[in-house]
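Encoded as structure tokens, the structure appears first; notes follow it.
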Protein chains: 2
Amino acid sequence: MSKKKNKVVTIYDIANELNYSPSTISRALKNHKSIGKDTTKQIQETAKKLGYRPNSLAASLRNNRSNNIGILIARINRPFISSLISGVENSARAAGYNVLISQSDDNYKNEVANAKALYDSRVCGIVASLSMETKNADHFKQFLEQDIPVVFVDRVPSDLNSYRVIIDNYSAGYKATEHLIQQGCTRIAHFAGAQHLNIYKLRKNGYIDALKAHGITPDKELLIYMNTMSFEEGQEATSKLLNMKNPPDAIFSSNDTAAVSAIMQAKKQGVKIPEELAVIGFNDDPIASIVEPALSSISHPAMKMGELSTKRILEHADKKIEQGVSEITVLDTEVIVRASSLRKK
Amino acid sequence: MSKKKNKVVTIYDIANELNYSPSTISRALKNHKSIGKDTTKQIQETAKKLGYRPNSLAASLRNNRSNNIGILIARINRPFISSLISGVENSARAAGYNVLISQSDDNYKNEVANAKALYDSRVCGIVASLSMETKNADHFKQFLEQDIPVVFVDRVPSDLNSYRVIIDNYSAGYKATEHLIQQGCTRIAHFAGAQHLNIYKLRKNGYIDALKAHGITPDKELLIYMNTMSFEEGQEATSKLLNMKNPPDAIFSSNDTAAVSAIMQAKKQGVKIPEELAVIGFNDDPIASIVEPALSSISHPAMKMGELSTKRILEHADKKIEQGVSEITVLDTEVIVRASSLRKK
DNA sequence: TTGTACGCGTTATCAG
DNA sequence: CTGATAACGCGTACAA
């Protein structure tokens, strides 16, 4: 037996079966008001009987508008991102939309190519979080020019006005630092990410301002700039910090990976957590609850950010938006206090 | 200023510009052999100049074949799955395909609905890993009937013949158990997942046969059946096991989440790992390296499984496959030995 | 309430 | 090597 494709049923087949015109079928299947109740019912039943399945490709072409939402992120297999995607997917599917994903591997060229691919496949909207390398967002203009909504999440560009769904990174950095100060820490180090990305710059600013607000002069030696904030970078930085003449008594890391590596490195060097070194991370990844002592962190409502991103896209069609003006949605973060930073009771 | 859509350029616009026919433009843009070198070059340059972007919706409709690969999984935000997706996405995009995702939340009805949605959006192939609840795979037949390749990964159905990309779960279960035996353990417990899923059944069978092969009689009390293998289920089971008159000296868990919870629960009860209780998990999730002592596990080549799944789909078109006959790809696993099971040196 | 006719953008076929 | 034509399946003015 060779390949055998069963014939695909179209609205024409239903039309023939019932001696209606294709347009009547089309309308009935969409519950158009102008078609009689009984006619509609009959048509829908026959459609089901014949095994009719709508061809959304054809509908999209006709409407010049697909029901696919595109996602453009750096890497799928990270806790924050996969939760974000999960939120987009759930809410999109509930509304009858599909989700197209693309990852840039934190590479700018890939990001540009992916944006192109998503555009060419005629997505009806796009959710994007920039790659580490991205310093300009011109590749998103093609969407805006066609009035396709772009929602930037988390790692957002500073030079392009579009929808944003973000957290208040400045305030989160401030709160994290203040928490450490309240625990009695005075020499607080900070692991900062690439500064051309707003999120890391703002967390750092929050850190610095919190120090100043509590009468602590920021020490440049305690401010560590990292590229990728990997486990290895965290280990190395921690080792250097602990070997200083005047080592820090706390670390606020801009992500959990580096924070966890700090805890593990400190323990390896015999430094007690949190007594000698308090640590707080960012994101509240699963590893934060597993490391010992458990890592304090800033919780980031990833799933919800995804849901809100979808919402912005779906709402967009209904709105009359002035070009160049867009909404910014800011979500709350929470300081999750665990053993790694708990010095006082 | 109100919404302003720039005109979209089509092959007709290029045709008008250059006084060629649309068919010539179409062919030139695809580097068709029959078009002259210089004509092709001229057309491609003009296309670029005018800002032409292909409409893949139209092409897909015409060809009755999209370039979208669908993914159907239970949950995106799990390490194994997000790596799998990552593998599919990378290889698909490299070949010029897009990836549509859908998650069932381990719910059968959602899975059926998602399969329908992916079918309706005319994917050219699908990669699927079943939900926990799924006991029959009839909802995948619609694809096979249209000769749309379905690749089952990891959690595969037992009642439907299609492509499979899997690991040898029996052998992995055997190896894990044997490793514990070699460390001197004799009362080895097993956390088994839902038995209607092949992967868990096979791991359990491997466990039982390994015991027998080494002269150990399986003890029913040490075989714990779980539903979701969550952290909580693992904690509870561990607590019960440790409170037995004759507690186990090792646990082989079918996933890392439950294994990590076992370690943490054992420590809480003052049981020493690995001296009094050796533990090995499955999947080699990130948490395995973070928990203390670090968790031994079975590594699962998720990314590679994704890449191979894409490959099967892309190859499918070229092949003459007999209906009802499909290839099975079995990948190697590796026992990753860490401190949680290392009793001998 | 239902039907007619056309077009969405592309590509395959056939003709030249 | 290039052009004309039809078709993919659907949606919608317009007509009846």
Side-chain angles (χ1 to χ4, degrees), chain A residues 5-44 46-47 50-68 96 119-124 146, chain B residues 5-44 46-47 50-68 96 119-124 146 148 317:
Chain A
K5 295 205 187 189
N6 297 9
K7 173 103 179 55
V8 170
V9 179
T10 73
I11 54 174
Y12 287 89
D13 299 314
I14 306 177
N16 282 332
E17 178 86 5
L18 295 177
N19 282 323
Y20 275 115
S21 82
S23 40
T24 303
I25 308 296
S26 172
R27 288 187 271 244
L29 291 173
K30 303 193 73 188
N31 288 313
H32 199 287
K33 317 200 167 204
S34 69
I35 306 291
K37 275 286 169 199
D38 32 358
T39 319
T40 299
K41 194 182 169 192
Q42 184 195 17
I43 289 176
Q44 292 186 348
T46 317
L50 296 181
Y52 168 77
R53 307 291 291 273
N55 185 330
S56 49
L57 246 37
S60 297
L61 175 61
R62 179 61 238 246
N63 296 327
N64 191 30
R65 172 172 188 288
S66 83
N67 56 164
N68 293 157
Y119 178 94
D120 287 345
S121 82
R122 297 299 193 266
V123 292
C124 65
Q146 299 303 326
Chain B
K5 295 204 188 192
N6 297 8
K7 173 99 180 56
V8 170
V9 179
T10 73
I11 55 174
Y12 284 90
D13 300 314
I14 306 177
N16 282 333
E17 178 88 4
L18 296 176
N19 282 324
Y20 276 116
S21 82
S23 11
T24 303
I25 308 297
S26 172
R27 287 187 274 243
L29 291 173
K30 303 192 75 189
N31 285 313
H32 199 288
K33 316 197 168 208
S34 68
I35 306 291
K37 277 286 170 199
D38 33 357
T39 318
T40 299
K41 194 180 169 194
Q42 184 195 19
I43 290 177
Q44 292 186 346
T46 318
L50 296 181
Y52 168 78
R53 305 292 289 274
N55 185 331
S56 50
L57 247 38
S60 297
L61 175 62
R62 177 60 235 241
N63 296 329
N64 192 30
R65 172 172 189 289
S66 82
N67 56 165
N68 293 157
Y119 177 94
D120 287 346
S121 83
R122 297 297 193 267
V123 292
C124 64
Q146 298 304 324
I148 297 169

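Keep in mind it's a predicted model, so treat the numbers as computed, not measured. In what follows, chains carry the letters A, B, and so on, assigned in the order in which the sequence lines appear, proteins first and then strands, with residues in each chain numbered from 1.
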Within the structure, does a side-chain N or O atom of A/Tyr52 lie under 4.0 Å from either OP1 or OP2 of D/dC10? yes
hbond_proxy B/Arg62 side chain to C/dT10 base (donor-acceptor, 3.5 Å cutoff): no
Inter-residue atom distance A/Ile25.CD1 - A/Ile14.CD1, 0.5 Å rounding: 5.5 Å
Approximate separation, where rounding is to 0.5 Å, of B/Asn55 CG and A/Asn64 CG: 7.0 Å
Given atom CD of B/Gln146 and atom C1' of D/dC8, what is their separation to the nearest angstrom? 15 Å
Taking atom CD of B/Gln44 and atom CD1 of B/Ile35, what is their separation to the nearest 0.5 Å? 11.0 Å
Using atom CD1 of B/Ile14 as one end and atom P of C/dT11 as the other, report the distance to the nearest whole Å. 11 Å
When the distance from CD1 of B/Ile43 to P of D/dT2 is rounded to whole Å, what number comes out? 7 Å
Atom pair OG1/CG of B/Thr24 and B/Leu29 - distance to nearest 0.5 Å: 10.5 Å
Length of the CG-P vector between A/Leu18 and C/dT2, whole Å: 12 Å
Atom-pair distance (CG on A/Asn63; P on C/dG9), nearest Å: 12 Å
Nearest-0.5 Å distance, CG of residue A/Asn63 to CG of residue B/Leu57: 10.0 Å
Answer yes or no: is there a donor N or O on one side and an acceptor on the other, between the side chain of A/Ser26 and the main chain of A/Pro22, under 3.5 Å? no
What integer distance in Å separates B/Asn19:CG from D/dA4:C1'? 16 Å
Quick check: are there more than 12 heavy atoms from other residues, nucleotides or ligands sitting under 6.0 Å from CZ of B/Arg65? no
Nearest-Å distance, OH (B/Tyr119) to P (D/dG9)? 11 Å
Side-chain donor/acceptor of A/Tyr12 to base of D/dC8, under 3.5 Å: no
Under 4.0 Å between a side-chain N/O of A/Ser23 and OP1 or OP2 of D/dG11, yes or no? no
Numerically ordered, the residues 28-39 of chain B set in heavy-atom contact under 4.0 Å with DNA chain C is B/Lys30
Using whole Å, report how far CD1 of A/Ile11 lies from P of C/dA5. 16 Å
Which part of the nucleic acid, if any, lies within reach of A/Tyr20 when heavy atoms closer than 4.0 Å are counted: base, sugar-phosphate only, or nothing? sugar-phosphate
Heavy-atom closest pair (A/Leu61 atom, B/Ala58 atom, distance to 0.1 Å) is CD1-CB, 3.8 Å
Counting only N and O atoms by type, is there a donor-acceptor contact under 3.5 Å from the side chain of A/Ser56 to the main-chain atoms of B/Asp120? yes
Assign each of B/Pro22 and B/Arg122 to its nearest nucleotide of DNA chain D by heavy atoms, then name whichever residue's nucleotide is nearer the 5' end. B/Pro22
Ignoring hydrogens and geometry, is there a side-chain-to-backbone donor-acceptor pair from A/Asp13 to A/Thr10 under 3.5 Å? yes
Contacting residues from residues 54-61 of chain A, given that a heavy atom lies under 4.0 angstrom of DNA chain D: A/Pro54, A/Asn55, A/Ala58, A/Ala59
Of the non-hydrogen atoms in B/Ala28 and B/Ile43, which two are nearest, and what is the gap between them? CB-CD1, 3.5 Å
With respect to the phosphate group of D/dC10, does any side-chain polar atom (N or O) of A/Ser26 fall under 4.0 Å of OP1 or OP2? no
Look at the side chain of B/Ser66 and the backbone N and O of B/Arg122, then say whether any donor-acceptor pair between them is shorter than 3.5 Å. yes
Check whether any side-chain N or O of B/Ser21 sits under 4.0 Å from OP1 or OP2 of D/dG3, and answer yes or no. yes
For B/Asp13, which contact category applies under a 4.0 Å heavy-atom criterion: base, sugar-phosphate, or nothing? nothing
Listing time: all N or O pairs from protein to nucleotides 14-16 of chain C that are below 3.5 Å?
none

